[in-house]
Amino acid sequence: MVEISNNPDPGFGKIFTQHMLLQHYRNGAWETPKIVKYGPFKLNPATVVFHYGQEIFEGFKAYRQSDGSVCLFRPERNLARFNHSAERLCMATVDIPSTLSWVNKLIRKDKEQIPERPHTLYIRPCMFGADEAVKVCPSTSYILFVIISIVGDYFSGDNPLGGRLRTETEYTRAASGGTGCAKCGGNYAASLIAQKRASYEGFDQVIWLDAVEHQYIEEMGGMNIMFVLDDKLITPS
């Protein structure tokens, strides 16, 4: 395990704490969660997630305070969105208070690794379909896990806040009736080609337009986007 003391600039999503939360959903119910050593999974090649993409995730942060305590930023709302994603992908939902309680236990377990600011902890809950069957139907078993990453700035280089923006007029991020409202890996994989082209042309981020006319601003790739018009601050709904 790489220690934060050896990484004054940890970047984002590369350094992890020593433990993770693990919970299985089988026979129609969630089993008791466990806090285990951070490590790899051993999965059957026929596991549903590899073939039909039943996978969702979330992300929120924990900050060390000046008095030594640790503060989470609205994690219950992230877990509510996690459940919304699960429902959209026909997956099992989690009990929010129970899951949050176990996330807190995980953070306390690795509390000594929580860095001083400006570094923070990025908490990543993730769930995937675990049935071992190549068949197009919802999985009946799931694996939920939560890992914690020690992070610095998400953006780096000359434009730490996003820099030059490219408006995407060909590819679509989300469409009515689609899965754009769910945080599933397939949505992000499908967006990479637009970001790759933007980077090639010297831009830092993509502004996504509506799927029908490609005229109306919907969102930006890596952060929220806002505009100041006269005395009003507005953002896409």
Side-chain angles (χ1 to χ4, degrees), residues 2 4 7-23 33 35 38 55-88 91 93-127 144-156 159-163 173-174 180-185 187-188 191 204-205 208 218-228 233-237:
V2 183
I4 187 63
N7 293 270
D9 183 12
F12 201 98
K14 297 180 180 180
I15 300 174
F16 299 92
T17 60
Q18 295 179 353
H19 298 88
M20 64 182 190
L21 180 64
L22 184 63
Q23 187 176 19
I35 294 177
Y38 179 95
E55 179 273 343
I56 59 172
F57 65 94
E58 263 301 331
F60 50 94
K61 286 187 174 182
Y63 303 86
R64 185 180 289 279
Q65 304 300 296
S66 58
D67 62 358
S69 63
V70 177
C71 179
L72 294 174
F73 180 67
R74 65 178 200 185
E76 69 286 344
R77 295 186 65 177
N78 286 90
L79 292 176
R81 186 170 64 174
F82 189 78
N83 274 345
H84 177 78
S85 298
E87 291 171 350
R88 180 61 183 86
M91 303 172 72
T93 57
V94 302
D95 180 83
I96 292 177
S98 175
T99 301
L100 182 55
S101 174
W102 278 94
V103 168
N104 287 333
K105 292 178 183 179
L106 175 62
I107 293 172
R108 293 188 189 101
K109 183 76 172 179
D110 286 342
K111 185 177 180 181
E112 295 305 315
Q113 289 190 272
I114 300 177
E116 301 293 338
R117 293 193 178 190
H119 302 327
T120 58
L121 289 187
Y122 183 75
I123 297 134
R124 167 53 59 91
C126 186
M127 180 168 60
L144 167 70
F145 65 95
V146 182
I147 55 177
I148 299 177
S149 177
I150 300 168
V151 300
D153 291 334
Y154 187 85
F155 297 106
S156 59
N159 296 305
L161 296 180
R173 168 66 180 84
C181 60
K183 286 187 74 68
C184 55
N187 287 343
Y188 289 77
S191 73
D204 299 284
Q205 281 288 306
W208 294 95
E218 289 203 335
E219 62 181 314
M220 200 159 79
M223 63 178 73
N224 294 329
I225 186 168
M226 300 182 184
F227 302 88
V228 177
L233 181 68
I234 63 173
T235 185
S237 59

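All values below come from the heavy atoms of this structure, side chains included, with hydrogens, waters and symmetry mates left out. Position 1 is the first residue of the sequence, and the numbers go up from there.
- With values rounded to the nearest 0.5 angstrom, T17 atom OG1 is found 14.0 Å from Y122 atom OH.
- Distance check: L121 CG to K111 NZ gives 11.5 Å after rounding to the nearest 0.5 Å.
- Note that NE2 of H19 is 4.5 Å distant from NZ of K109, once rounded to the nearest 0.5 Å.
- T93 and A86 get closest at one heavy-atom pair: CG2-CB, 4.2 Å.
- Between L21 and L106, the closest heavy-atom pair is N-CD2, 3.8 Å.
- With rounding to the nearest 0.5 Å, the separation of CZ in R124 from CD1 in I148 is 12.5 Å.
- Remark: side-chain polar atoms of R64 are not paired, donor with acceptor, to backbone N or O of C71 under 3.5 angstrom.
- Between A174 and E218 the shortest heavy-atom distance is O-OE1, 4.0 Å.
- Here the closest heavy-atom approach between residue K61 and residue I123 is recorded as C-CD1, 4.1 Å.
- Between the S69 side chain and the Q65 main chain, no donor and acceptor come within less than 3.5 Å of each other.
- At least one side-chain heavy atom of L72 sits less than 4.5 Å from a side-chain heavy atom of I107.
- Across all their heavy atoms, P125 and G59 have their closest contact at CD-N, 4.2 Å.
- Judged purely by atom type and a 3.5 angstrom limit, E55 uses its side chain to pair as donor or acceptor with the backbone of G185.
- Rounding to the nearest 0.5 angstrom, the gap separating the CG atom in L79 from the OG atom in S98 is 10.5 Å.
- Contact detail for A182 and N187: the closest heavy-atom pair is O-ND2, 2.8 Å.
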| said: What verdict does the side-chain contact (heavy atoms from CB on, under 4.5 Å) test give for S149 and K14, after you've listed the backbone C-alpha separation in whole Å, the side-chain angles of each residue and the deciding distance to 0.1 Å? | reply: CA-CA 7 Å; S149 177; K14 297 180 180 180; over 6 Å; no

| query | Would F60 and F73 satisfy side-chain contact (heavy atoms from CB on, under 4.5 Å), going step by step from the backbone distance to the final call? | reply | CA-CA 7 Å; F60 50 94; F73 180 67; 5.9 Å; no

| message | Working note: F227 + L233, criterion side-chain contact (heavy atoms from CB on, under 4.5 Å); need CA distance, chi angles, decisive distance, verdict. | response | CA-CA 6 Å; F227 302 88; L233 181 68; over 6 Å; no

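- One distance of note links CG of N83 with CZ of R81; it measures 12.5 Å at 0.5 Å rounding.
- Taking the ring axis of Y188 as reference, the NZ or CZ atom of R173 stays within 45° of it and closer than 6.0 Å to the ring centre.
- Two residues are said to be in side-chain contact when any heavy atoms from C-beta on lie closer than 4.5 Å; S85 and F57 fail this criterion.
- A 4.5 Å side-chain heavy-atom check between K105 and I35 finds at least one atom pair inside the cut-off.
- A donor-acceptor pair under 3.5 Å links the side-chain atoms of T99 to the main chain of D95, judged by distance alone.
- A donor-acceptor contact closer than 3.5 angstrom links the side chains of N78 and E58.
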| request: Could you walk me through whether F82 and I56 pass the side-chain contact (heavy atoms from CB on, under 4.5 Å) test, one step at a time? | output: CA-CA 7 Å; F82 189 78; I56 59 172; 3.8 Å; yes

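- Counting only heavy atoms from C-beta outward, the side chains of W208 and E219 approach each other to under 4.5 Å.
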